[in-house]
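Quick caveat, the model's predicted, so the values are computed rather than measured. So you know, we letter chains A, B, ... as the sequences are listed, proteins then strands, and number each from 1.
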Amino acid sequence: MPELPEVEVSRMGITPHILQQTVVKVNIHNPNMRWPVPDEVYQIEALPVVAVERRAKYLLLTCELGSVILHLGMSGNLRVVDKAEPLKKHDHIEFIFGNGKALRLNDPRRFGCCLWQAPNECHTLLSKLGPEPLTDAFTAKRVYEQSRNKKTAIKQFIMDNAVVVGVGNIYANESLFKAGIHPKREAGKVSLARYEKLVPIIKETLAAAIVQGGTTLKDFAQSDGKPGYFAQQLLVYGRKGEPCFVCKKNLTEIRLGQRSTVFCSQCQR
DNA sequence: CGGTCTACCTGAAAGC
DNA sequence: TGCTTTCAGGTAGACC
């Protein structure tokens with residue numbers, strides 16, 4: 001479920017419950033995530049969590065001996081509950097804290113992961129990532145220069161983690177609509193002026209979703225277990241065949257890199 | 001190397 | 001109703 005806003009909302013939601021709390025126990029109920037969960041994560045036991053950070057869609061729970069890296073994949077979510085709360089189906093990993101709370105990673109499809117990173121190391125998953133979209137490192141100029149001679153469709157280009165992290169399918173569709181750019185346009189043929197429009201739109205779109213608590217889908221729940229809410233109006237995603245809010249023309253859906261791509265053939269060129 | 005495709009899973013929804 | 005098929009927000013790694 002999670003795109004970057006959902007991951008950030010999860011991070012903000014779990015932080016007050018677990019920051020500076022000691023991890024009393026790690027329970028790996030099912031180690032068969034995207035990669036096997038390594039025994040190294042037990043190193044966090046008996047240590048306090050000194051930082052809860054996000055890089056791209058990865059969450060890092062840091063203690064003195066290293067960091068647990070968590071990724072929610074496509075169907076994962078994190079909840080903080082009382083440790084006595086019965087486990088739910090697909091609660092694969094849990095961290096029990098000294099305050100009696102349990103942080104549980106629930107992930108039906110198990111596309112997510114739980115890995116370990118030693119201090120001063122940068123896990124290979126994190127080492128090749130592009131800039132964070134909400135920082136000053138993500139600029140139109142940078143993306144423009146990186147896109148020269150790239151034949152990839154602009155939509156796939158902005159979803160490439162080496163270009164910018166955290167832009168998933170929903171927000172790629174939404175951002176391109178707002179910027180008036182056709183999702184199939186060659187990235188290398190998009191002008192600097194258009195990147196100067198697109199980049200701030202990506203930032204605003206993601207930031208707005210974070211502020212509003214993340215775009216919630218299906219059973220996405222806040223980290224404390226309260227149901228999320230549909231905060232952000234999606235302009236194109238999931239609206240195939242419905243009228244464009246701007247020009248009323250029915251929205252088109254195509255597949256791009258096997259992903260559902262919805263756009264307005266009149267507003268996006 | 002750049003670009004494309006597959007694979008990893010479960011479950012909800014659509015199709016029959 | 002029940003069985004089968006399709007599709008889902010991610011992304012590393014294999015492949016051409």
Side-chain angles (χ1 to χ4, degrees), chain A residues 1-10 29-37 54-59 69-78 88-93 105-115 122-130 133 145-177 183-189 202 205-206 209-210 212-221 228 230-241 253-262:
Chain A
M1 334 182 138
E3 293 220 21
L4 184 143
E6 284 79 2
V7 178
E8 178 62 16
V9 169
S10 290
H29 303 295
N30 184 351
N32 303 311
M33 302 295 288
R34 179 162 192 178
W35 297 283
V37 179
R54 179 187 59 75
R55 174 73 175 104
K57 294 173 188 167
Y58 296 92
L59 286 172
I69 300 173
L70 297 175
H71 194 288
L72 304 180
M74 216 134 101
S75 58
N77 87 331
L78 284 171
K88 294 196 167 193
K89 192 176 183 182
H90 306 304
D91 277 344
H92 303 312
I93 299 157
L105 172 62
N106 185 288
D107 185 4
R109 291 173 77 178
R110 287 186 275 119
F111 285 2
C113 65
C114 175
L115 297 167
C122 186
H123 198 283
T124 51
L125 286 178
L126 307 179
S127 63
K128 313 163 248 183
L129 295 173
E145 284 168 2
Q146 207 173 351
S147 70
R148 291 309 88 185
N149 302 317
K150 290 282 169 43
K151 292 188 295 180
T152 322
I154 182 69
K155 181 180 176 233
Q156 289 168 100
F157 183 72
I158 62 170
M159 289 177 72
D160 182 346
N161 273 342
V163 174
V164 58
V165 301
V167 180
N169 198 35
I170 292 179
Y171 296 110
N173 279 306
E174 295 297 306
S175 300
L176 288 171
F177 171 76
K184 274 181 87 170
R185 178 166 291 276
E186 268 183 43
K189 290 186 175 172
I202 291 173
T205 304
L206 293 174
I210 291 169
Q212 293 162 17
T215 304
T216 56
L217 292 126
K218 296 180 182 173
D219 58 346
F220 179 80
F230 286 87
Q232 177 158 317
Q233 167 131 33
L234 297 175
L235 302 177
V236 289
Y237 182 82
R239 297 193 63 244
K240 170 181 76 165
E253 180 177 57
I254 58 172
R255 311 292 299 181
L256 217 44
Q258 348 279 70
R259 309 309 292 270
S260 164
T261 303
V262 186

Interatomic distance at P, C/dT11 relative to B/dC1, whole Å |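 Straight-line distance between the two P atoms is 22 Å.
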Does any non-hydrogen side-chain atom of A/L206 lie less than 4.5 Å from one of A/E8?
->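 When only atoms from C-beta onward are counted, A/L206 and A/E8 do not touch, as no gap falls below 4.5 Å.
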d(CG, A/D160; C1', C/dG10) in whole Å =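 Result: 13 Å.
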Side chain to side chain contact (heavy atoms under 4.5 Å, CB included) with A/H29: which residues, sequence neighbours excluded?
->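 Expected list: A/N27, A/L87, A/E94.
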State which residues pass salt bridge (Lys or Arg N to Asp or Glu O under 4.0 Å) with A/R55; sequence neighbours excluded, sorted by chain then number.
->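 In terms of salt bridge (Lys or Arg N to Asp or Glu O under 4.0 Å), with neighbours along the sequence ignored, A/R55 is linked to A/E132.
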Under the salt bridge (Lys or Arg N to Asp or Glu O under 4.0 Å) test, residues paired with A/K184 that sit two or more places apart =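 Counting only residues at least two positions away or on another chain, A/K184 forms no salt bridge (Lys or Arg N to Asp or Glu O under 4.0 Å).
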Check the distance between C/dG10's C1' and A/L72's CG and give it to me in whole angstrom.
->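 Result: 11 Å.
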Side chains of A/N169 and A/M159 in contact at under 4.5 Å (non-hydrogen atoms) =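 A/N169 vs A/M159: side chains touch.
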With sequence neighbours left out, write down each residue that passes salt bridge (Lys or Arg N to Asp or Glu O under 4.0 Å) with A/R239, or none if nothing qualifies.
->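 Scan of A/R239 (salt bridge (Lys or Arg N to Asp or Glu O under 4.0 Å), adjacent residues dropped) gives A/E242.
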On DNA chain C, check which nucleotide each of A/K128 and A/R255 is closest to and give me the residue with the more 5' one.
->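 Taking each residue's closest nucleotide, the earlier one in sequence belongs to A/R255.
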Using a 4.0 Å heavy-atom cut-off across all strands, classify A/F157 as base, sugar-phosphate, or nothing.
->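 Since no nucleic acid heavy atom lies under 4.0 Å of A/F157, the category is nothing.
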Pairing residues for A/T124 by the side chain to side chain contact (heavy atoms under 4.5 Å, CB included) criterion, not counting sequence neighbours =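 Result, side chain to side chain contact (heavy atoms under 4.5 Å, CB included) vs A/T124: A/S127.
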B/dG11 OP1/OP2 closer than 4.0 Å to side-chain N/O of A/H90 =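 Yes, A/H90 has a side-chain N/O under 4.0 Å of OP1/OP2 on B/dG11.
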Nearest whole angstrom, please: distance from the P of C/dA12 to the CE of A/M33.
->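 So the CE-P distance, A/M33 to C/dA12, works out to 15 Å.
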Nearest-Å distance, NE2 (A/H123) to P (C/dT11)?
->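 So the NE2-P distance, A/H123 to C/dT11, works out to 14 Å.
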How does protein reach along nucleotides 1-8 of chain B, written 5' to 3' as B (base within reach of a heavy atom under 4.0 Å), S (only sugar-phosphate), or - (no contact)?
-> --S--B-B
Take atom CG of A/N77 and atom P of B/dT10, then tell me their distance rounded to the nearest Å.
->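 Distance, rounded to whole Å: 17 Å.
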Rounded to whole angstroms, how far apart are CD1 on A/I69 and P on C/dT11?
->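 Whole-Å distance recorded here is 14 Å.
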Strand DNA chain B in bracket notation, Watson-Crick/G-U under 3.5 Å with | for pairs to another chain = .|||||||.|||||||
Nearest-Å distance, OH (A/Y58) to C1' (C/dG10)?
->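 Atom OH in A/Y58 sits about 9 Å away from atom C1' in C/dG10.
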Does A/K89 place a side-chain N or O at less than 4.0 Å from the phosphate oxygens OP1/OP2 of B/dG11?
->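 Yes, A/K89 has a side-chain N/O under 4.0 Å of OP1/OP2 on B/dG11.
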List for me each residue that meets salt bridge (Lys or Arg N to Asp or Glu O under 4.0 Å) alongside A/K151, sequence neighbours excluded, and say none if there are none.
->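 Partners of A/K151 by the salt bridge (Lys or Arg N to Asp or Glu O under 4.0 Å) criterion come out as none, since no residue qualifies.
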Which of the following nucleotides, C/dG13, C/dT11, C/dA8, is nearest to the side chain of A/H71?
->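 Closest nucleotide among those given: C/dT11.
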Residues that A/V164 engages under side chain to side chain contact (heavy atoms under 4.5 Å, CB included), provided they are two or more places apart |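 With sequence neighbours excluded, A/V164 shows a side chain to side chain contact (heavy atoms under 4.5 Å, CB included) to A/P133, A/F138, A/V167, given in chain and number order.
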C/dG10 phosphate, OP1 or OP2, under 4.0 Å from A/R259 side-chain N/O =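 Checking C/dG10 against A/R259, a side-chain N or O does come within under 4.0 Å of OP1 or OP2.
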Send over the distance from A/L129 CG to C/dG10 P, rounded to a whole Å.
->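 The answer, rounded to whole Å, is 14 Å.
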Got A/L72 and A/L105 here, is their nearest side-chain heavy-atom distance under 4.5 Å?
->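 A/L72 reaches A/L105 side chain to side chain.
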